Amino acid sequence: METPVASQRGQAMKIYVRRFVMLFVAALIVFMTGVSAAQAASPHFKKNGEPVCTVSVNGATSSTTCHTVLAGLGNADLLAKVTVSGFAVYQCENNGGQQAPGQNKVVEGPVTAPTLIPSDAIKNGNLTLDTNAAVLTAKDTVTAAEAGCPNNNWTGVDPVLTVTSISLVIEQPPGTVIFSCSASNPNGLKGAVPLSC
């Protein structure tokens, strides 16, 4: 039969073991969190791999894609979001088909195109990233007031689109921003556009 002293020692030993196990599990969690953070602690662009976006405009539509080469990434999915804004200038057309230049810049966008890269596509922390296209499209027609036409007998038609700003946000894992890059020009962006991060 167990004595009261032995019983108390047994209870004390159980409490000690429980505390030790809980402390061990807590230390393991902290260690694993540190390992995950360390794996993604040094994301950077490779030499000559800084982000450059290509803007193609065709009348009322633009398409913008971005390219970059990354290193030092962790073992998690990566999300890249390209956001584009701009403006369109319309021709004013009356009921008789006569046209005159509109006076207003009609704001278009922003539009955002996400690109999700699964973790298994990232090799040894390296990734060549080519984003999906962010497509910005102007409305076919706008009111006379929007286009800056002489009066309400006119309608804004035949838009010509201009891209004025590009933003590239890279997250790893999705929800944690590791890079935020952009370019803007109120007079327009076209062709190859390097971003500042």
Side-chain angles (χ1 to χ4, degrees), residues 17-88 107-139 161-185 188-197:
V17 168
R18 275 191 205 134
R19 286 181 181 166
F20 178 77
V21 168
M22 289 173 59
L23 182 63
F24 177 77
V25 169
L28 185 61
I29 289 170
V30 168
F31 173 75
M32 293 306 289
T33 303
V35 167
S36 295
Q39 288 174 340
S42 62
H44 57 278
F45 301 110
K46 284 195 168 184
K47 184 175 180 182
N48 300 320
E50 293 81 8
V52 175
C53 298
T54 303
V55 179
S56 302
V57 179
N58 185 5
T61 302
S62 75
S63 175
T64 303
T65 58
C66 298
H67 171 85
T68 186
V69 183
L70 299 157
L73 297 171
N75 295 324
D77 293 348
L78 181 140
L79 178 63
K81 295 184 282 190
V82 179
T83 302
V84 178
S85 297
F87 66 84
V107 174
E108 301 292 346
V111 296
T112 300
T115 303
L116 181 64
I117 306 295
S119 60
D120 60 3
I122 300 168
K123 304 299 182 193
N124 297 321
N126 297 302
L127 175 68
T128 298
L129 174 64
D130 290 298
T131 68
N132 294 326
V135 178
L136 184 63
T137 303
K139 298 177 274 302
L161 187 66
T162 299
V163 172
T164 56
S165 70
I166 304 168
S167 166
L168 172 64
V169 175
I170 301 173
E171 304 173 356
Q172 190 189 39
T176 301
V177 175
I178 58 173
F179 293 106
S180 182
C181 309
S182 63
S184 65
N185 184 334
L189 301 166
K190 59 184 175 181
V193 179
L195 302 186
S196 297
C197 300

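Each residue takes its place number in the sequence, starting with 1. Predicted model only: the values in this text are computed from it and were never measured.
The ring pair (Phe, Tyr, Trp, His ring centres under 6.0 Å) pairs that include a residue from residues 50-83 number zero, where partners must be two or more places apart or lie in different chains. For the salt bridge (charged side-chain N to carboxylate O under 4.0 Å, His left out) condition, no pair includes a residue of residues 52-62, sequence neighbours left out. Pairs engaging residues 59-84 under the salt bridge (charged side-chain N to carboxylate O under 4.0 Å, His left out) rule: K81-E171 [sequence neighbours left out]. Within the structure, salt bridge (charged side-chain N to carboxylate O under 4.0 Å, His left out) contacts touching residues 107-117 (residues at least two apart or in different chains) are E108-K139.
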Atom pairs and distances, donor-acceptor, side-chain atoms in residues 43-66, under 3.5 Å, two or more places apart:
{"from": "H44", "atom 1": "ND1", "to": "S42", "atom 2": "O", "distance (Å)": "2.8"}

For residues 115-122, which side-chain N or O atoms pair as donor and acceptor with protein atoms under 3.5 Å away, sequence neighbours left out?
{"from": "T115", "atom 1": "OG1", "to": "N132", "atom 2": "N", "distance (Å)": "2.7"}
{"from": "T115", "atom 1": "OG1", "to": "N132", "atom 2": "ND2", "distance (Å)": "3.4"}

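Scanning for side chain to side chain donor-acceptor pair (under 3.5 Å) contacts around T83 gives T112, with sequence neighbours left out. By the side-chain contact (heavy atoms from CB on, under 4.5 Å) test, S165 pairs with S85, S184, sequence neighbours left out.
Nearest heavy atoms, P114 versus L79: CB-CD1, 4.1 Å. Closest approach of A183 to L189, counting heavy atoms only: O-CD1, 3.8 Å.
Side-chain contact check for L73 versus I178: some heavy-atom pair is nearer than 4.5 Å. Put simply, the side chain of L195 does not reach to within 4.5 Å of the side chain of T68, judged on heavy atoms. Looking at heavy atoms from C-beta onward, L70 lies in side-chain contact with L78 at the 4.5 angstrom threshold.
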